[in-house]
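First up is the structure itself, then whatever we jot down about it.
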Amino acid sequence: MGMTMSQKILAEHSGLTSVKAGDIIMARLDMVLGNDITAPVAVKEYAKMGCPSVFDREKIALVMDHFTPNKDIKAAEQCKIVREFARENGIVNFFDVGEVGVEHALLPEKGLVGSGDLVIGADSHTCTYGALGAFSTGVGSTDMAYAMATGKAWFKVPSAIKFVLRNKPRKWVSGKDVILHIIGKIGVNGAQYKSMEFTGEGVAHLSMDDRFTIANMAIEAGAKNGIFEVDEKTIEYEKANSRGNTKVYKADPDAEYDEVYEIDLSAIRPTVAFPHLPENTRTIDEVGEVKIDQVVIGSCTNGRLEDLEIAAAILKGRSVHKDCRVLIIPATQKIYLEAMEKGLLKIFVEAGCAVSTPTCGPCLGGHMGILAKGERAVATTNRNFVGRMGHTESEVYLASPAVAAASAVAGKIASPEEV
Amino acid sequence: MIAKGKVIKYGNNVDTDVIIPARHLNTTNEKDLALHCMEDLDKSFPDRVKAGHKIIVAGRNFGCGSSREHAPLAIKASGIACVIASDFARIFYRNSINIGLPIVECPEAAETIEDGDEVEVHFDLGVIKNLTKSAEYKMTPFPPFLQAIISAGGLLAAAERKLLEG
Ligand code: SF4
């Protein structure tokens, strides 16, 4: 029987000629990731194992991005545990303040993850790297500890849903609208335990940044991973980001899928997810009057250069609405620098936005922009659960950078077509 | 192995942000985490667990959201003996197995069991007994590989005993 893209990568990494959905396998990993929330737990567990050394000093990435720059004493202590662990074990890819970026924007940019790789991360949005044609998935800290010791993880081989993308998205429609549209269609557990495989001629019309956004939110449909077919753009991206050898895994023509969806990209409208689930989507034409208090543009979903460029195009020469606070958070130092060189940061500041150093910050209600009771935010992040960004009676509306920027100007959820 | 207690019932899509809000993730101490378990969803949670409600029963997609292992840890440290749900979000599922929090997927039980029912989960027999309603539900058994991890007491314990070579 044929295999899906995801199954092929899993088979290859477990030394098997073929695997099928439901098999439990032990597989070799190309990269193991943890952050300042999950790595301290893993470090504690790892210490209990009494291992003489980590499996590979270069294949572990430790990224201090969530509560950094340290928001309080406890957070500082957490980072310190990881910093000391990194030093003692000679971890090559340890990223601290000044160099750090939001992990899922940082690792691809540094060429640490790439096509054909098998990656686990103690962070649910590790599925982001599927944009490059990697099998990557989020796990917990115990998995991370085990992986740091052995370079391996157990997997239950997933079945898959295929999304055949057609045509070209219209102006102001980006990867965020595509994935929100899909989650609205299949629901927050529509792809539970499964792979979401993206293919079709429409893929060529999506930039790498669009693909990162889409793969990033596969978990929001419950998926184990999201993965894109590798094409010219992937190869170009990998070349530009110090990663020469693009490894291509194509699904077999007779691969079995639980479901196949055809998605007409040209029919998708700018889309917003209402509180408190990413599946509560409405097109921009259906949102009605929703006044907002804050806008956040950033995160591993939409804090990349293209996202900032779109936001800047809308905010240029305009001012943020007087009742609205706007936070712009470039996802990595490289993006920050590029945004500076292109003059985007100037546009933001002149429009009345606050620009922050890279951090997860408000995305998980950590720091840098917490919401008070009754406040509403439009965010380019990926989750709008109860209390995600602050008070349990605050509300988060998920949207693209274009919608977020337009809303910042209007002081209510607005279409980029209007401003 | 048997888990026994009264039931606390929740709905669908209980996410890890309500199980343990991110603002409390600046610690890895299980007891500290347990203090805040479910506080955004159910303020009465700690008191009810103390009063013998040791089984959580929930609907679909329990544990969705972030990969934080703090979530099953907080539940376990609160004194919960077992979580029964229609199904679990996958990272939560694997985290629970890896840290040794017993979890059971059983849509029928999840639907029929009500808040306050007295329930016994017989892991070896693969049945859930509802003592209040005198009903029994069959649960899906774990595959042998996962059984090995659970009976060893978690992933790392299983690794120590070299149960997972391959
Ligand atoms: S930006 Fe948000 S979703 Fe992404 S890794 Fe950070 S906290 Fe998680």
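Each chain gets a letter, A, B and so on, in the order the sequences are listed, and its residues count up from 1. The analysis underlying the following values was restricted to heavy atoms, covering all of them including side chains, and did not include hydrogens, waters or symmetry mates. What you see is a predicted model; the values in this text were computed from it and never measured.
If you measure heavy-atom distances from A/Ile37 to chain B, the contacts under 4.5 Å come from both the backbone and the side chain. Looking at A/Ala223, only its backbone comes within 4.5 Å of chain B, counting heavy atoms on both sides. Of the atoms belonging to B/Asn98, heavy atoms from both backbone and side chain fall under 4.5 Å from chain A. Interface residue A/Tyr193: backbone and side-chain heavy atoms are both found under 4.5 Å from chain B. For B/Phe88, the parts sitting under 4.5 Å from any heavy atom of chain A are the backbone and the side chain alike. Only the side chain of B/Asp15 comes within less than 4.5 Å of a heavy atom in chain A; its backbone stays farther off. Neither the backbone nor the side chain of A/Asp36 comes within less than 4.5 Å of any heavy atom of chain B. For A/Lys44, the part sitting under 4.5 Å from any heavy atom of chain B is the side chain, from C-beta outward, and nothing else. For A/Ser141, the parts lying under 4.5 angstrom from a heavy atom of chain B are both the backbone and the side chain.
Because its NZ or CZ atom is both nearer than 6.0 Å to the ring centre of A/Phe155 and within 45° of the ring axis, B/Arg94 counts as a cation-pi partner of that residue.
The minimum heavy-atom distance linking A/Phe385 with B/Gly65 is given by the pair CE1-CA, 3.6 Å. Counting all heavy atoms, side chain and backbone alike, B/Asn26 lies closest to A/Gln78 at O-CG, 3.6 Å. Summarising the geometry of B/Asn95 relative to A/Gly140, their closest heavy-atom pair is OD1-CA, 2.9 Å, with the distance given to 0.1 Å.
A side-chain donor-acceptor contact under 3.5 Å links B/Asn61 and A/Gln192. If you check the side chains of B/Arg90 and A/Thr137, you find a donor sitting under 3.5 Å from an acceptor.
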Chi angles and distances behind the side-chain contact (heavy atoms from CB on, under 4.5 Å) call for A/Ile219, B/Ile91 | CA-CA 10 Å; A/Ile219 180 75; B/Ile91 302 180; 4.0 Å; yes

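Note: B/Asp17 CG to A/Arg388 CZ = 4.5 Å, rounded to the nearest 0.5 Å.
Here B/His36 pairs with B/His24 under the ring pair (Phe, Tyr, Trp, His ring centres under 6.0 Å) rule; sequence neighbours left out.
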